[in-house]
Amino acid sequence: MTRRKPSQQTSQHPPEACHDAAWLRAVRSRLLLWYRAHARDLPWRRTRDPYHVWLSEIMLQQTQVATVIPYFERFLTALPTIADLAAAPEEQVLRLWEGLGYYRRAQQLHSAAKQIVEMHGGRFPAEFEAVIQLPGIGRYTAGAILSIAFDVPAPILEANTVRLYSRLWQFDGDPTSRAGQTLLWGAAEALLPRRGAGEINQALMELGSQVCLPRGPLCEACPLAALCPTRAEGLQDQIPRVKSKPRVTPVRHLLLAIERRKKYLLRKGRDGDRWVGLWDFPRFELANGDRVTDSTALAKVIASELGGPIAIGERLASWRHTVTRYRIELECHAARVQSRELRGKTSHEQRWFTLEEIAELPLNTTGRKLYRLLCE
DNA sequence: AAGTCGGGGGG
DNA sequence: CCCCCAGACTT
């Protein structure tokens with residue numbers, strides 16, 4: 001058991017040295033007894049199909065279980081095999097992802113499916129080196145897929161187990177630091193059994209998410225409480241250390257519903273934009289005190305970006321939307337084109353769509369919200 | 001080591 | 001309002 005001072009916690013001994021083999025065996029066996037009695041019945045736990053496990057792991061990145069479930073089932077109904085995914089148009093994949101966020105996950109999943117068809121005959125690879133080379137799959141996701149789908153003894157480390165291991169090893173340094181990562185990955189490795197790594201890994205995450213909570217962990221219900229040094233010293237609310245978060249900066253956006261003959265002008269996000277690959281209504285950032293209706297500078301920007309002059313009309317709606325570290329004050333206006341066509345050059349891909357066509361397009365969340373307003 | 005990428009759940 | 005989430009990737 002570790003009894004070193006916090007300042008020395010991150011150095012000197014490898015994590016294996018902190019807990020002996022008997023302690024590790026006790027953790028595994030108590031954990032498995034608890035898990036077999038308390039595991040939630042989740043869709044991706046009913047199968048070991050590598051495609052299903054892979055899809056669930058990608059969707060679950062930075063996304064909570066309850067949010068993922070309906071997306072997971074709808075996605076597999078639409079694209080039941082890796083070959084189906086590889087052959088699907090990107091806009092269908094993004095449409096299935098719409099609302100989940102982190103859309104690059106969907107694009108990399110799609111790209112990886114094509115690679116699997118090309119390089120592995122459509123069969124998900126079972127070797128770590130091949131798996132981690134696929135786009136969108138890092139050390140955690142590779143370990144999760146390999147251990148769950150193929151029973152490969154690969155360690156995992158993610159939000160739940162960072163917290164669990166920090167407490168079990170009483171690590172009070174910064175978990176994201178080099179030393180923290182080394183210690184925590186070492187802990188994950190030390191806990192691995194020779195067989196059944198997938199079950200252990202899922203049990204560790206389940207305990208972390210259901211019992212070893214960020215604040216107010218349920219130590220009374222924890223099967224590992226008697227083995228936990230942090231619990232013994234009552235430090236479970238100080239470990240792991242929390243990092244302060246960056247400030248949120250407010251911005252204003254203008255969203256234009258430009259209609260011409262029952263069609264609306266949409267633009268597709270490209271590299272450098274926020275929602276790459278998703279369609280959006282023409283969107284412009286406003287200066288601080290800018291009034292939408294009488295800014296000639298704004299009119300120039302709009303005309304140059306859309307390829308012709310636009311007359312801004314009445315306000316349709318306004319609301320607030322927070323993304324990453326920006327709080328967007330959104331103002332939606334109706335608008336009409338003044339020339340017969342927008343014929344100037346545009347750096348974005350932009351096209352006119354009917355409402356029926358927009359229904360099938362991948363949009364970002366605010367774009368979808370404005371679409372619904374226009375349908376009323 | 002810090003930024004970026006989204007959106008919703010829940011206190 | 002706040003914190004948090006089965007991370008990966010770039011700078």
Side-chain angles (χ1 to χ4, degrees), chain A residues 39-40 42-45 52-72 94 97-109 111-112 131-149 154-164 173-181 184-185 188 198 200-210 212-217 237 240 242-249 269 271-278 280 320-328 362-369:
Chain A
R40 288 170 294 173
L42 304 174
W44 45 88
R45 286 188 178 155
H52 296 196
V53 175
W54 171 36
L55 177 65
S56 74
E57 292 302 338
I58 300 298
M59 284 188 165
L60 285 163
Q61 288 170 4
Q62 296 294 286
T63 310
Q64 296 181 186
V65 166
T67 305
V68 165
I69 290 175
Y71 281 90
F72 177 79
L94 284 172
W97 211 269
E98 185 187 296
L100 257 190
Y102 290 137
Y103 299 97
R104 195 170 55 170
R105 292 183 295 177
Q107 291 158 335
Q108 292 182 318
L109 180 81
S111 162
V131 173
I132 201 166
Q133 170 269 346
L134 293 168
I137 298 184
R139 187 173 176 187
Y140 161 76
T141 303
I145 297 171
L146 285 165
S147 64
I148 295 170
I156 59 161
L157 186 66
E158 42 69 71
N160 296 305
T161 49
V162 163
R163 198 166 52 245
L164 181 63
D174 176 3
T176 69
S177 68
R178 175 73 66 111
Q181 288 290 299
L184 294 168
W185 277 105
I200 284 276
N201 282 342
Q202 294 191 76
L204 289 161
M205 291 190 281
E206 188 82 344
L207 187 67
S209 67
Q210 302 303 113
C212 200
L213 306 176
R215 250 171 295 283
D237 283 314
V242 290
K243 309 182 64 173
S244 60
K245 298 188 42 175
R247 286 274 172 272
V248 175
T249 54
D271 274 0
D273 291 342
R274 182 176 304 282
W275 293 280
V276 177
L278 298 194
D280 194 9
R320 211 176 13 250
H321 183 68
T322 302
V323 15
T324 314
R325 34 181 308 272
Y326 295 95
R327 210 182 68 173
I328 304 173
L363 301 187
N364 63 45
T365 300
T366 56
R368 182 59 68 194
K369 188 166 174 176

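Since this is a predicted model, take the numbers as computed values, not measurements. Naming convention: chains lettered A, B, ... in sequence-line order (proteins, then strands); numbering from 1 in each chain.
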Interface polar pairs with nucleotides 9-11 of chain C, N/O, under 3.5 angstrom:
unit_1	atom_1	unit_2	atom_2	d
C:dC9	OP1	A:Gly136	N	2.6

Closest-nucleotide 5' rank along DNA chain B - winner of A:Tyr326 and A:Lys243: A:Lys243
Side chain of A:Val65 (C-beta onward), nearest among C:dA6, B:dG7, C:dC5: C:dA6
P-based separation of C:dA8 from B:dG8 [nearest Å]: 23 Å
Set of side-chain hydrogen bond (donor to acceptor under 3.5 Å, both in side chains) partners for A:Arg327, sequence neighbours left out: none
N or O in side chain of A:Arg325 less than 4.0 angstrom from B:dC5 OP1/OP2: no
Distance, nearest 0.5 Å, that separates CG of A:Leu60 from CD1 of A:Ile69: 9.0 Å
Between B:dG7 (P) and A:Tyr102 (OH): distance, integer Å: 10 Å
Rounded interatomic separation in angstrom, taking CD1 from A:Ile148 and C1' from C:dA6: 8 Å
Phosphate OP1/OP2 of B:dG6 contacted by A:Thr365 side-chain N/O (<4.0 Å): no
Spacing between A:Gln62 atom CD and C:dA8 atom P, to the nearest angstrom: 9 Å
A:Trp54 CH2 to C:dA8 P, straight-line distance once rounded to whole Å: 14 Å
Phosphate contact (C:dA8 OP1 or OP2) by A:Thr141 side-chain N/O below 4.0 Å: yes
Each stem that DNA chain B is part of, given as range with range (3 or more consecutive Watson-Crick or G-U pairs, under 3.5 Å): B:1-5 with C:7-11, B:7-11 with C:1-5
Contacts of A:Arg320 that satisfy salt bridge (charged side-chain N to carboxylate O under 4.0 Å, His left out) - sequence neighbours left out: A:Glu329
Set of side-chain hydrogen bond (donor to acceptor under 3.5 Å, both in side chains) partners for A:Gln61, sequence neighbours left out: A:Thr141
Least distance between heavy atoms, A:Ile156 atom then A:Thr161 atom: O-OG1, 4.2 Å
Integer-rounded Å distance: B:dG6 P and A:Leu363 CG: 14 Å
Residues forming a side-chain hydrogen bond (donor to acceptor under 3.5 Å, both in side chains) with A:Lys243, sequence neighbours excluded: A:Thr176
Among C:dC3, C:dC1, C:dA6, the nucleotide that comes nearest once only the side chain of A:Gln202 is considered: C:dA6
Under-4.0 Å side-chain N/O to phosphate OP1/OP2 contact, A:Trp275 with B:dG7: yes
side-chain hydrogen bond (donor to acceptor under 3.5 Å, both in side chains) against A:Arg368, all qualifying residues, sequence neighbours excluded: A:Glu98
A:Ile156 CD1 to C:dC5 P, straight-line distance once rounded to whole Å: 14 Å
Strictly under 3.5 Å: I want the nitrogen or oxygen pairs between protein and nucleotides 9-11 of chain B, one per line.
none

ring-ring contact (aromatic ring centres under 6.0 Å, His included) involving A:Tyr102 - partner list, sequence neighbours excluded: none
All ring-ring contact (aromatic ring centres under 6.0 Å, His included) counterparts of A:Trp54, not counting sequence neighbours: A:Phe124
Which residues share a side chain to side chain contact (heavy atoms under 4.5 Å, CB included) with A:Ile132, sequence neighbours left out: A:Phe128, A:Arg139, A:Ala142
A:Gln181 CD to B:dA2 P, straight-line distance once rounded to whole Å: 13 Å
Non-neighbouring partners of A:Arg45 that pass side chain to side chain contact (heavy atoms under 4.5 Å, CB included), sequence neighbours left out: A:Tyr35, A:Ala39, A:Arg40, A:Leu42, A:Gln202, A:Glu206
N/O (side chain, A:Arg274) to phosphate O (OP1/OP2, B:dC5) under 4.0 Å: yes
Shortest non-hydrogen separation from A:Pro175 to A:Leu184 and the atoms involved: CB-CD1, 3.9 Å
Side-chain donor/acceptor of A:Thr63 to base of B:dG6, under 3.5 Å: yes
